[in-house]
There are 2 protein chains.
Amino acid sequence: MKPTTIYDVAREAGVSIASVSNAINGKGKIGKKKREEILKVMERLNYQPSVIASALTGKKTYTLGLLIPDVANPFFAEIARAVEDIAHSAGYSVITCSTDNQDERVLAYIRLLEQKSVDGILIGTGGGADILAQLAEKPLPTVTIAREVQGLPVSGVATDDFRGASLAAAHLLALGHRRMAVLAEDLKVSSSQERVRGFRFSLFEAGIRLEDGDILPCASSIEGGKRATIELLRRSDRPTALFCSNELLAVGALQAAREAGIAVPTGLSVVGYDNTLLSTATNPLLTTIAQPIEQMVKLAFELLIGNGQESAGLVPQRIVMQPELVVRESTAMPQRADRE
Amino acid sequence: MKPTTIYDVAREAGVSIASVSNAINGKGKIGKKKREEILKVMERLNYQPSVIASALTGKKTYTLGLLIPDVANPFFAEIARAVEDIAHSAGYSVITCSTDNQDERVLAYIRLLEQKSVDGILIGTGGGADILAQLAEKPLPTVTIAREVQGLPVSGVATDDFRGASLAAAHLLALGHRRMAVLAEDLKVSSSQERVRGFRFSLFEAGIRLEDGDILPCASSIEGGKRATIELLRRSDRPTALFCSNELLAVGALQAAREAGIAVPTGLSVVGYDNTLLSTATNPLLTTIAQPIEQMVKLAFELLIGNGQESAGLVPQRIVMQPELVVRESTAMPQRADRE
DNA sequence: CTGAAAGCGCTTACAG
DNA sequence: CTGAAAGCGCTTACAG
């Protein structure tokens, strides 16, 4: 009933446990024959080394922590999947931590991950920079993904959110829109801020002023986007186009427009952000900004685990990827034939 | 730089490590004063016990494995979130494993989870019953969730998929549909099978025969659902209603219908399954079957970890929950004013 | 190349 | 109530 240990195979193979250990880890200090014999015995006994025992001796736990706001959010679900795949292919498993961007949850999870001696943490969540700053002090390798942390001296990879928003703005501008608004999720999150800034700045350059009132902070959910849009559509000078900082909000906007009897894109254009599967589930299909998830994750993983081995004490490295505009059906030239 | 250990606090507090251990674990064998003093020292040194060390002495790892087909699939993302939350509140963390329903992946993950000495595994994935059967042999606590495993002597909680499909059938039947078809994901997965069976049986009882050709196996993706629907819509006697075994397929169906110029629900009714956020992102909103995810997860967790402590050697227990029909906009009476 | 021994950070009987 | 000691399953110098 008890799992077989290194002692069992040593006894069975007639060698010392040190030799078994060496055989497993391929340290050169063992004869070929002996090695093969041991491997054979291991196979026969169906022996599987305990990673917790080996971790205790200073080796790695081969476990990573992934901090994200919410796995149930399609964008982060996709990130989680990508992380899982690349980690798994490198022998690691990952503990997913949904923080809801709440400081206390972030804190609790970090503590937990420390106690479990994970080999590293991938941070894709919001949460006070001060809290995350503590992390940088610790010996625990950390890299951020899909977000920046102000002044945090850790490596990370993100996509250029300012640029992504500019892409959206340029698209809308080119279509001829002048009255626009933005739906923004939690402004504590850097990526959200950047998207707002980028959009605003692009309009500014085009000579269009986006008032504070045109930027609506929303709960990051379909409902949140819907509520904000309803309010927007009630205004006398309602916008002809909406830029949403994520697709949950965009879906909400679509729904609000529909209920208000405003056709998209004819009466209202909307562009989302992230290019998740939600953007292909809506009708009309969402025009959106895509982030190269797989690549980001791949790079982040390499930064974390170190493809080279000496990445340890290096200077923090920030990689920024380029977003892309994906034009689908939810944007068009503005026309005031709204109330169809 | 090195994390503080139990020795550090013992020295600092002027006691033995055994006492520190006792203080932490609240074993009665320690004086109140001493206990509080120790706790204070722990606080001051910011001491956090190593769970891997404690796990090695026979205690739990407080880590669970969650096997699902794919976290990027909204339904499983929601399951993963629910599991994470309840696990976290009980002091556990969870390693998410996306298997794509592939035997080899299932196998690899199980092996990994064993090596990491997880305290239990939640199985929500497909994969050969034979493979999972091995699991039952092992001392590793296991419970299935949202699926059955034929003849596997383990506990589990699922919702009644046969019934859920019947609900869908009844709804469509009541609306007056007679020519129907079903889009089924991977038939190796029990839940999928049951949904097909349930639907078929209900029609049968109503005197309607569902031919094998009316049941289209699809890749479990939007694309998969779309392709199958396109084929279906080309048929001369095309169905007036579609039952999809999950919402990815349903979304695909919606898209196919749109491209074919067939209005939903007027020209074609479609009902999905799972009630994920996808069902509220589409236009029209999806009529679907809801599973009580949170409750299922809660019960599964209790079965796994044992709210009572002696659940160990008990007879496997299967809990089945009831699904619910959620009527939204994608279903209506059949009418042959298709080509609008 | 190989084995005896110490040690990783805890917990748990076992004496006192 | 408290501490010394053994042990969990490995790995890693260190001798041979």
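Throughout, protein chains are lettered first and strands after them, A, B, ... in sequence-line order, and every chain is numbered starting at 1.
- Taking the ring centre of A:Y62 as origin, the terminal cationic atom of A:K60 falls inside the region bounded by 6.0 Å and 45° from the ring axis.
- Nucleotide C:dG9 holds its C1' atom 13 Å from the CD atom of A:Q115, rounded to whole Å.
- Rounded to an integer number of Å, the gap from CG of B:L56 to C1' of C:dT12 is 13 Å.
- In this structure, B:I6 places its CD1 atom 11 Å from P of C:dT12, rounding to the nearest Å.
- Rounded to an integer number of Å, the gap from CZ of A:R11 to C1' of C:dG3 is 16 Å.
- In this structure, B:Y7 does not reach the D:dG3 phosphate: none of its side-chain N or O atoms is under 4.0 Å from OP1 or OP2.
- Taking all atoms of both residues into account, the shortest heavy-atom contact from A:S220 to A:N73 is OG-ND2, 4.5 Å.
- What you find for A:S191 and A:A146 is that their closest heavy atoms are CB-O, 4.0 Å.
- For the residue pair B:K116 / B:T63, no side-chain donor-acceptor distance below 3.5 Å is found, with atom types taken as modelled.
- With a cut-off of 3.5 Å on both Watson-Crick or G-U wobble distances, the partner of C:dC1 is given as D:dG16.
- B:T57 has no side-chain polar atom (N or O) that falls below the 4.0 Å cut-off from OP1 or OP2 of C:dT11.
- The side chain of A:S21 places no N or O atom within less than 4.0 Å of a non-bridging phosphate oxygen (OP1 or OP2) of D:dC10.
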| said: For A:D119 and A:T61: C-alpha separation, side-chain torsions, deciding distance, then whether side-chain hydrogen bond (donor to acceptor under 3.5 Å, both in side chains) applies. | reply: CA-CA 6 Å; A:D119 297 329; A:T61 53; 3.1 Å; yes

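- For the pair B:I17 CD1 and C:dG7 P, the interatomic distance rounds to 14 Å; values are reported in whole Å.
- Distance, B:Q48 CD to C:dG9 P: 15 Å, rounded to whole Å.
- Across all strands, A:I52 comes closer than 4.0 Å to no nucleic acid atom at all (heavy-atom distances).
- Listed pair B:S19 / D:dG3 meets the phosphate criterion, a side-chain N or O lying under 4.0 Å from OP1 or OP2.
- Taking the nucleotide of DNA chain D with the nearest heavy atom to each of B:A53 and B:G14, the more 5' of the two is matched to B:G14.
- One atom, CG of A:N25, and another, P of D:dC10, lie 11 Å apart when rounded to the nearest Å.
- Atom C1' of nucleotide D:dG7 and atom NZ of B:K59 are separated by 16 Å, given to the nearest angstrom.
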